[in-house]
There are 2 protein chains.
Amino acid sequence: MSDTDAPDLPVEPVEPAAASGVPTMFDVARRAGVSHQTVSRVLNDLTGVAASTRLRVEQAIAELSYTPSPAARAMAKRRSGSIGLIQAGRPDYGPSNAALGFNEAAHEAGYTVTQASMRSLDGEVLRQAVHRLALQRVEAIVLISGEREGVGVLTGIDAGVPLIVVASEPTPGLHRVSMDQYGGARIATEHLVGLGHREIRHVAGPVDSMDASERHRGWADAMRTHGLEVHAPIVGDWLAASGDAAGREVLAEGTATAVFVANDQMSLGLLHACHDAGVRVPDDLSVIGFDDIPEAAYFTPALTTVRQDFESLGRDIMATVLDVLRDEPDAPDRTSRVPELVVRGSTAAPTR
Amino acid sequence: MSDTDAPDLPVEPVEPAAASGVPTMFDVARRAGVSHQTVSRVLNDLTGVAASTRLRVEQAIAELSYTPSPAARAMAKRRSGSIGLIQAGRPDYGPSNAALGFNEAAHEAGYTVTQASMRSLDGEVLRQAVHRLALQRVEAIVLISGEREGVGVLTGIDAGVPLIVVASEPTPGLHRVSMDQYGGARIATEHLVGLGHREIRHVAGPVDSMDASERHRGWADAMRTHGLEVHAPIVGDWLAASGDAAGREVLAEGTATAVFVANDQMSLGLLHACHDAGVRVPDDLSVIGFDDIPEAAYFTPALTTVRQDFESLGRDIMATVLDVLRDEPDAPDRTSRVPELVVRGSTAAPTR
DNA sequence: GGGCGGTTCGTTAGCGCTAACGGAACACGA
DNA sequence: TCGTGTTCCGTTAGCGCTAACGAACCGCCC
C-alpha cells in the first residue's frame, strides 16, 4: 500500500485544537464524535444525517456554545450575506425611518446591514462610500437620498453589485423604490381646491430633489385640471428657515388664499412668518404640508398635511433587494404607495 | 536532481486562475512576476520590498483592479474590522445625528459599521440584536438609546466583546459616553432664574430615560441653589403630545411663570397648549427647551433652548471604542461635553 | 577567500468553513 | 449468492488571505 520505502511516520491528523478560545467546527465534531462535515451538515440543515447523530451534534454545539465564523462561511460560500446602506444628507424624519424599516426587514431576511452614511451630498464622497461598500463585497447597495445628483453618480458607477435607490423619478440602469409623490401632491391640492381656494401657491423643495419635482408636478397638474393659474413655485431647501422666507414672500405678494408647502418643516417656518405678520391661519391663509412628521399635529395651528409611511417604504426597499438578488423576472413595481391626507386645523374655506 | 525514478511529470503549480471573475492575490502575483506573499506585503505596506518590485505589484493591482477579499482577510487576521451599532427606539434628531457622527468617525478609523437598529425598546429584542452582532464577530458593540432598561440588559450580557453605551448615568461594567445633561439643565434653569423667575416648573422626559433624570436633577439642584421651591415635575414621553398635556396642567395650576421643558418636541406641544389657552409666551409664561432641533428657531415664538452637539457625541463614541480596543490604560473620560444656551424669543422677565 | 549580517523574496502552513466525491453498511429482489 | 440501491458519513480539496520561516543574494570586513 505504501508508495514509498520510507517507514510510515505517525501521521498526526491536523485537527486544530481550540487554542485561540473560540470553538471551531472541529471542536464540535470531536466532542460529538463525528467529522466536521457532519457538523456542517447539521448547521446548514442538510439531509443525510441520522436523527440520533443530529442530536449529538446539536448537543455538542450547545455545550460549547459554538457559533460558526461568518468570515469563514463567507469565504467558502463566496457571498458576504450583507447589504450596504448609504444614507446621504441630513438624517431627517423620512430617511431615518425608511432606514429603520429597511434594517428590520433586512435582518428578518437573514441579511446583515453595513452602514455607510454621510452628511455630505457631494458626488465624490458618495462615490467613495459606494467603493467602500463594494470593497466589503456587499451583495447589493441601497441609497436613501432623494437628490438627483446622488442617483446620477450611482448611474455612472459599475460597482459590480445591484444598486437600489429611493427615487420618485425613473432611474435608468438602477433599481428603484419610492412612494407616489405626485399622487400625494394632487391629493393635497385637491383638498385646497375642494375647500374653495383658487389662488394656491406652492413652496417647493430644492431643485435637485426628485420628490420636490414630483410634488411640484402633482400640484401643477391638479391646478390645471381645475383651470387654475399655475404660478412659479417658491423654492426652499426643506428647512424651516426657507419656509419662513417663502412665507414672507407669499404674504408680501398678498394674493394667495392657500399654500401647499412641500414638507412639514418648511410649513412650520411659513406658519411662523404668518404669525409674525399677523396673518391668521387658516382664516386668512390656508396651509397644507407634506410628510406628517410627529410634531405636525402640534404646530400652531395644527398642520393639515399628507402622511407618508416611511417605515413601509424601507421594507419595500428590502423586498426589492430580495427580488433583485433572486433575479425575479417579473418583480412587482414598488413605486406606487400612495400617501394619505390628514386634515387638521391649518386649512379652511377661503374668506375672500 | 530527481529523487524518484519516475519520469518528471509536468507539475502544474496550483495557482488558482481568475476563473470566478474577481481577481485574487495570485492573479496579481502572476502578473507582477512575484509570489503572492510579496503582493500581501505591498498591500499591508510592510518593509522588505524593493521599490521597483513594489511598483510592479502596484501596477498589476491597478491593471486588474484587484481588491483584497475582506472575508479572507478577516479569517487570516482573526478580526472582522467591523463594529456593531444598535440604535434603539425612535430615530429622533439626537440619536440619528449621533449615529451619523459615529459612522463617519468609524470609517475614518478604517472600521466598518454593522447596523442593528430597531424601533422597539424591549429587552428581549435588544438581547437578540446584541446576539446577532456577536455572531457577526464585531469587535465592539455600541448602543445608542438613553433608556435605562437597554443599558440594564447590556449589563447582564456577556457578548464577548466590549460594549459601549451612551448613558448619562454611571454604567458599571460598560464603557460610557455622554454629554453633560445635568450641566445643561442647570444652565437652562439659571437662565430663567436670572430673568427673575421664581416659580419654575419642569416637564420631564420618561422615567426610564437617564437623560431625563439628569436634566431633572440639574433643574432641581439649580432651584435649590437659589432657595426656590422644587415642585414634582410633570412627566412626559418626549413627544409633542405629552408636552401639550403638560402645558394644560401647568396652566390649570396657574402659579408658574416659567417652564423648563426637557426637550424641544415637548416644548412645541406646550407652546401649542399655551396658544390654545390664550396664554402669551413669553409675556405670561416663559418656556425653555432642550436639544435645539433645527425647527426650534421657528416655533411660535422662537424657542429658547439648550443646544447639544450630537454629531460630536457620535465621534466621541468612536474615540472611546478605539480607546477600548487599544486597551488604553488611562483613556479620557468622554462624558463632560457641556451643552450651550441658545436664547430666543420664548423666555423673558416675568410680569408678575 | 571565507564568514557574516542585511535585504529581498519565496515556500509552507494555517485561518474555519463548504462543496464534491467516495466508501462503508445495510436492505432488497433476482 | 450476487448485484443494486439507499442511507449515512468521512476524506479531500479548495475559498483568499496572513504569519512564520528559510533561502538566495548582496556587500563587507578580517
Side-chain angles (χ1 to χ4, degrees), chain A residues 1 11-58 60-61 64 66-81 135-137, chain B residues 11-57 60-61 64 66-81 135-137:
Chain A
M1 249 192 156
V11 182
E12 185 66 22
V14 253
E15 287 192 8
S20 74
V22 279
T24 78
M25 195 169 255
F26 286 85
D27 299 318
V28 175
R30 195 175 326 111
R31 189 173 190 104
V34 297
S35 78
H36 74 279
Q37 178 56 22
T38 298
V39 177
S40 172
R41 275 192 268 260
V42 170
L43 239 44
N44 295 6
D45 215 42
L46 299 179
T47 58
V49 180
S52 61
T53 308
R54 183 180 294 272
L55 212 67
R56 280 214 320 284
V57 171
E58 278 164 352
I61 288 175
L64 295 174
Y66 159 81
T67 64
S69 150
R73 192 172 261 194
M75 197 164 164
K77 283 185 126 132
R78 250 155 287 198
R79 36 178 304 246
S80 64
L135 290 189
Q136 291 301 318
R137 306 282 203 267
Chain B
V11 180
E12 185 64 24
V14 252
E15 288 191 9
S20 74
V22 278
T24 78
M25 194 169 258
F26 285 87
D27 299 318
V28 176
R30 194 175 328 111
R31 189 175 189 102
V34 297
S35 78
H36 74 279
Q37 178 56 20
T38 298
V39 178
S40 172
R41 274 191 270 259
V42 170
L43 241 43
N44 294 7
D45 215 42
L46 299 179
T47 59
V49 180
S52 62
T53 308
R54 182 180 295 271
L55 212 68
R56 281 214 321 285
V57 171
I61 289 176
L64 295 174
Y66 160 82
T67 63
S69 150
R73 192 172 259 195
M75 198 164 162
K77 284 185 125 129
R78 247 153 291 193
R79 36 179 305 247
S80 65
L135 289 189
Q136 291 299 320
R137 307 280 204 268

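In what follows, chains are A, B, ... by sequence order, proteins preceding strands, each numbered from 1.
Residue B:Val34 has its side chain nearest to C:dG10 when only D:dG10, C:dG10, C:dC17 are considered. Of the candidate nucleotides D:dC9, C:dT18, C:dT8, D:dC9 has the atom nearest to the side chain of A:Ala50.
Contact annotation: A:Thr53 side-chain N/O to D:dC9 OP1/OP2 distance is under 4.0 Å. Contact annotation: A:Thr24 does not reach the phosphate of C:dC15 (side-chain N/O to OP1 or OP2, under 4.0 Å). Remark: A:Ser35 is in phosphate contact with D:dG10, judged by side-chain N or O atoms under 4.0 Å from OP1 or OP2. For the OP1/OP2 pair of C:dG10 and a distance below 4.0 Å, the side-chain nitrogens and oxygens of B:Thr38 include at least one atom meeting the criterion. For D:dT18, the OP1/OP2 oxygens have a side-chain nitrogen or oxygen of B:Ser40 closer than 4.0 Å. Between D:dC9 and A:Arg41, no contact under 4.0 Å exists linking OP1 or OP2 to a side-chain N or O.
No contact: B:Thr47 has no heavy atom under 4.0 Å from any strand.
Of the two residues contacting DNA chain C, namely B:Gly33 and B:Arg137, the nearest-nucleotide position lying further toward the 5' end is that of B:Gly33. Positionally, the nearest nucleotide of DNA chain D for A:Ala51 lies more toward the 5' end than for the other of A:Gln37 and A:Ala51.
In this structure, the CZ atom of A:Arg73 is 8 Å from the C1' atom of C:dC17, given to the nearest Å. With rounding to whole Å, B:Arg78 atom CZ is found 13 Å from D:dT18 atom P. Counting to the nearest Å, the C1' atom of D:dG14 and the NZ atom of A:Lys77 are 16 Å from each other.
Screening B:Thr38, B:Val34, B:Asp45 for a side-chain contact (heavy atoms from CB on, under 4.5 Å) involving B:Arg54 leaves a single residue, B:Asp45.
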Report the C-alpha separation of B:Leu43 and B:Ile61 in whole Å, then their side-chain angles, then the decisive distance to 0.1 Å, and conclude whether the side-chain contact (heavy atoms from CB on, under 4.5 Å) test is met. CA-CA 9 Å; B:Leu43 241 43; B:Ile61 289 176; 3.4 Å; yes

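Side chains of B:His36 and B:Thr24 form no contact here, defined as non-hydrogen atoms less than 4.5 Å apart.
Within the model, atoms OG of A:Ser69 and CZ of B:Arg78 stand 10.5 Å from one another, a figure rounded to the nearest 0.5 Å.
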